[in-house]
Amino acid sequence: MPNLIDGRAIAQRVYADLRRGIAELKSKGLMPGLAVILVGDNPASRAYVRSKDKMCRDLGLHSVKLELPGSTTQTELLARVEELNRDPSIHGILVQSPQPKQIDEAGIVRSLDPRKDVDGFHPANVAKLVIDDPSGFVSCTPLGVQRLLIESKIDIAGAHVVILGRSMIVGKPLALLLMQKNKNGNATVTVVHSRSRDLEKITQSADILIAAIGQPNFVKADHVRDGAVVIDVGINRVEDAVSEHGYRLVGDVAFDEVSRKANAITPVPGGVGPMTIAMLMSNTVKAARQWLSPT
Ligand code: GUN
């Protein structure tokens with residue numbers, strides 16, 4: 001059996017560090033605050049927002065959850081973001097994706113104060129990632145993947161990392177993060193996507209294969225080299241009549257067959273998912289700290 005990379009256990013280590021950081025900020029009179037905006041009633045988004053709010057409360061952070069109707073207009077949403085930009089009790093703002101059709105997501109992201117953009121989606125933060133400026137915010141899932149690799153003592157430097165998927169939320173920022181010239185980077189990164197030729201040949205050459213394409217069980221044993229590390233970012237709901245909710249969660253990796261070849265692998269759930277929330281909390285604490293002493 002391969003090593004199972006336990007995201008829940010690693011997230012707990014992150015929280016232990018964060019609790020110390022939060023106590024220190026509170027001793028200076030600062031309570032970090034996160035606002036999460038949910039527009040509409042996408043069930044998966046609702047579940048994510050609920051767990052983010054719960055985690056804030058567990059850590060003793062100030063948490064604001066704004067649930068807006070699916071009919072909310074761009075102008076209304078911009079006004080809510082603007083209020084939060086000005087609110088001194090809020091250090092991080094996240095607008096949950098996907099948003100309804102009438103919303104121009106890029107416009108909303110640009111309206112965020114980049115110092116409160118704990119999602120790392122604002123162009124100013126994307127630019128900071130490109131130029132290796134550590135004062136910027138990096139998207140939470142890529143940060144979580146990097147932290148999983150570090151905590152699992154998997155060598156990133158010099159490794160060939162193949163990322164399946166080129167999204168703004170995961171694939172692109174993760175590629176930039178792992179190729180950064182620093183001790184937690186220095187990987188040789190290849191990004192493959194739906195239009196890549198010879199996809200299987202490329203994934204087979206990966207030391208570390210990261211699947212983030214949003215297609216259940218896409219990665220099969222034939223995609224993976226013996227002894228590779230496999231990180232599954234996918235969280236897909238598939239129908240399952242015998243489960244309590246009528247669905248179950250599966251990743252982008254066909255776990256059973258791939259785990260026979262991999263040296264280490266993340267499960268779904270319990271792999272990358274818990275780390276994403278942990279990194280959101282970490283970015284919120286970082287935002288509060290930077291508010292106290294701007295860089
Ligand atoms: N939806 C799925 N993942 C994310 C994320 O990291 N941030 C936001 N805002 N929405 C998401």
Side-chain angles (χ1 to χ4, degrees), residues 7 11 14 34-56 63-68 70 72 74 77-78 80-81 84-85 90-101 103-114 116-126 129 136-148 163 165-177 210-216 231-237 249 251-252 266 268-269 271-284 286-287:
V14 173
L34 174 68
V36 177
I37 307 181
L38 173 67
V39 187
D41 53 8
N42 178 309
S45 294
R46 190 174 285 281
Y48 293 139
V49 168
R50 207 181 309 123
S51 43
K52 287 165 186 171
D53 182 49
K54 181 175 178 307
M55 191 46 72
C56 277
S63 173
V64 171
K65 189 171 66 164
L66 275 184
E67 295 183 276
L68 306 178
T72 302
Q74 181 83 3
L77 186 52
L78 285 171
R80 304 311 287 263
V81 170
L84 294 166
N85 278 343
I90 295 297
H91 305 95
I93 306 170
L94 177 147
V95 187
Q96 186 69 33
S97 288
Q99 291 159 29
K101 287 191 301 293
I103 302 292
D104 162 27
E105 291 201 33
I108 299 297
V109 164
R110 278 195 300 273
S111 77
L112 292 166
D113 182 333
K116 297 191 178 189
D117 169 37
V118 284
D119 252 336
F121 296 167
H122 190 285
N125 284 315
V126 176
L129 175 60
F137 293 99
V138 179
S139 183
C140 302
T141 302
L143 269 187
V145 169
Q146 185 188 43
R147 187 73 177 259
L148 274 182
I163 301 171
R166 54 180 159 178
S167 71
M168 285 302 302
I169 295 186
V170 184
K172 276 187 203 165
L174 184 54
L176 288 165
L177 191 62
I210 304 176
I213 37 169
Q215 289 189 42
I231 306 289
D232 191 350
V233 177
I235 304 180
N236 308 288
R237 288 184 175 202
L249 295 180
D252 291 349
T266 57
V268 176
V272 174
M275 293 302 293
T276 297
I277 297 190
M279 292 300 116
L280 175 64
M281 301 297 126
S282 170
N283 274 351
T284 302
K286 172 176 169 177

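Only a predicted model underlies this, so the values are computations on that prediction, with no experimental measurement involved. We count ligands from 1, going down the list as the structure has it; atoms in each ligand are counted the same way.
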message: Less than 4.0 Å is my threshold; does some heavy atom of Tyr48 fall inside it relative to ligand 1?
response: no

- prompt: Any luck finding a side-chain donor-acceptor pair between Asp232 and Thr266 under 3.5 Å?
  reply: no

- request: Identify, by atom number and element, the atoms of ligand 1 in contact range of Leu94, meaning under 4.0 Å from any of its heavy atoms.
  value: 9 (N)

message: Has Asn125 got a side-chain atom pairing as donor or acceptor with Phe137's backbone, closer than 3.5 angstrom?
response: yes

- request: Check whether any N or O atom of Pro98, backbone or side chain, sits under 3.5 Å from an N or O atom of ligand 1, and answer yes or no.
  value: no

- prompt: Would you say ligand 1 has an N or O under 3.5 Å from any N or O of Thr276?
  reply: no

- request: May I ask you to identify the nearest protein heavy atom to atom 9 (N) of ligand 1, giving residue, atom name and distance to one decimal place in Å?
  value: Asp119 OD2, 2.6 Å

message: Evaluate Leu66 against Leu84 for side-chain contact (heavy atoms from CB on, under 4.5 Å), listing each step before the verdict.
response: CA-CA 11 Å; Leu66 275 184; Leu84 294 166; 4.1 Å; yes

statement: of all protein heavy atoms, closest to atom 10 (N) of ligand 1 is Ser97 N, 2.9 Å

- prompt: What do we get for Val95 next to ligand 1 when only non-hydrogen atoms under 4.0 Å count, side chain, backbone, both or neither?
  reply: backbone

query: Between Met275 and Thr141, is a side-chain contact (heavy atoms from CB on, under 4.5 Å) present by the stated rule, with each step listed?
result: CA-CA 7 Å; Met275 293 302 293; Thr141 302; over 6 Å; no

Atom 11 (C) of ligand 1 - nearest protein heavy atom and its distance: Gln96 NE2, 3.4 Å

message: When you compare the side chain of Asp104 with that of Gln99, does any pair of heavy atoms fall below 4.5 Å?
response: no

query: Which is it for Lys286 and Val118 under the side-chain contact (heavy atoms from CB on, under 4.5 Å) test, yes or no, and what are the steps along the way?
result: CA-CA 9 Å; Lys286 172 176 169 177; Val118 284; over 6 Å; no

